[in-house]
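What follows is a single structure, written as structure tokens, with notes after it.
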Amino acid sequence: MAATYDDILAGLRLTIEAAPTHTDAIRLAVSSLKNQMPDYAWVGVYVLEGEELVLGPFLGKPSPHTRISLDAGICGAAARTKHTIIVDDVDTDPRYLACSLETRSEIVVPILRGSQVLGELDIDSDKKAAFGAADRDLLEAVAALLARKFPLE
Ligand code: SME
């Protein structure tokens, strides 16, 4: 039987909490999500450095967007608004920065400590409207777990 969203989150919680550093936690979360969610074609984390989102660990095709300014893309919009953005059809969203020609839908979830943006989880799918409420809940929970691993400044 396939793992449920609750099973996946329970596993990720243990994995993330046991990771020695936030970078290890990100790497483990990325590989766990990519391996367990068949519709997640590209899974990556951008980390906020100054006014730019810098690509960290990812799995999927190499992206041309390794640094994204806060005023660009779905990624920039999610960081600016500090809210999850789901795009059911990337072809209809003028903010979309293409990473792969196969991508049809995307979810970007900010990693927040209070109101401070630390980074974001970015996931692309080759299927339209691949991300629903269960994906949002799972990924927002994962983002909260990851936020706790970032070093305090
Ligand atoms: N699609 C994103 C850019 C990152 S790639 O998907 C990896 C955006 O519009 O911001």
Side-chain angles (χ1 to χ4, degrees), residues 5 8-9 11-12 15-16 19 21-151 153:
Y5 280 83
I8 292 170
L9 179 57
L12 273 164
T15 304
I16 291 171
T21 69
H22 75 294
T23 308
D24 293 308
I26 291 169
R27 195 170 286 119
L28 290 163
V30 164
S31 66
S32 171
L33 289 169
K34 178 79 171 71
N35 293 337
Q36 295 187 83
M37 303 300 281
D39 288 344
Y40 292 10
W42 191 95
V43 179
V45 168
Y46 285 87
V47 174
L48 187 64
E49 290 185 13
E51 295 293 302
E52 275 189 326
L53 294 157
V54 179
L55 183 57
F58 72 94
L59 287 170
K61 291 186 186 167
S63 170
H65 303 293
T66 55
R67 303 182 83 89
I68 300 176
S69 114
L70 289 182
D71 53 18
I74 313 290
C75 287
R80 276 197 323 277
T81 61
K82 304 180 186 184
H83 281 104
T84 298
I85 298 180
I86 293 176
V87 179
D88 286 340
D89 180 355
V90 295
D91 291 335
T92 65
D93 195 317
R95 299 170 299 182
Y96 175 66
L97 297 171
C99 166
S100 150
L101 290 177
E102 286 86 42
T103 298
R104 299 271 71 89
S105 59
E106 177 165 17
I107 184 168
V108 183
V109 179
I111 299 170
L112 300 167
R113 176 179 286 138
S115 62
Q116 181 193 1
V117 178
L118 302 171
E120 54 193 29
L121 262 170
D122 179 14
I123 300 176
D124 293 345
S125 179
D126 297 347
K127 288 190 183 163
K128 270 191 192 174
F131 305 104
D135 299 276
R136 174 195 287 261
D137 289 350
L138 169 67
L139 297 170
E140 288 182 350
V142 172
L145 290 168
L146 288 176
R148 294 168 54 183
K149 301 296 291 192
F150 275 67
E153 286 174 1

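This chain uses plain numbering: 1 for the first residue, then up along the sequence. Whatever order the structure lists ligands and atoms in, that order sets their numbers, starting from 1. Here the structure is a predicted model, which means the values were calculated and not measured.
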- request: Say whether, by atom type as modelled, one donor and one acceptor occur between the side chain of S125 and the main chain of D39 under 3.5 angstrom.
  value: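 Answer holds: yes.
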- prompt: If only atom types and distance count, is the side chain of H22 paired as donor or acceptor with the main-chain N or O of P151 below 3.5 Å?
  reply: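 A pair under 3.5 Å: no.
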Between the protein and ligand 1, which nitrogen or oxygen pairs come in under 3.5 Å, and how far apart is each?
| residue | atom | partner | partner atom | Å |
| --- | --- | --- | --- | --- |
| ligand 1 | 1 (N) | L97 | O | 2.8 |
| ligand 1 | 1 (N) | E106 | OE1 | 2.9 |
| ligand 1 | 1 (N) | E106 | OE2 | 3.1 |
| ligand 1 | 6 (O) | D124 | OD2 | 3.0 |
| ligand 1 | 9 (O) | I74 | N | 3.0 |
| ligand 1 | 9 (O) | L97 | N | 2.8 |
| ligand 1 | 10 (O) | I74 | N | 2.9 |
| ligand 1 | 10 (O) | C75 | N | 2.8 |

query: Step by step, would you call R148 with I16 a side chain to side chain contact (heavy atoms under 4.5 Å, CB included)?
result: CA-CA 9 Å; R148 294 168 54 183; I16 291 171; over 6 Å; no
- request: Any chance you could measure C99, atom SG, to I74, atom CD1, to the nearest 0.5 Å?
  value: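 The distance works out to 12.0 Å.
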- prompt: Which is it for L121 and Y46 under the side chain to side chain contact (heavy atoms under 4.5 Å, CB included) test, yes or no, and what are the steps along the way?
  reply: CA-CA 7 Å; L121 262 170; Y46 285 87; over 6 Å; no
Positive for salt bridge (Lys or Arg N to Asp or Glu O under 4.0 Å) with K128, one of D88, D89, D91: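 By the salt bridge (Lys or Arg N to Asp or Glu O under 4.0 Å) criterion, K128 pairs with just one of D88, D89, D91: D89.
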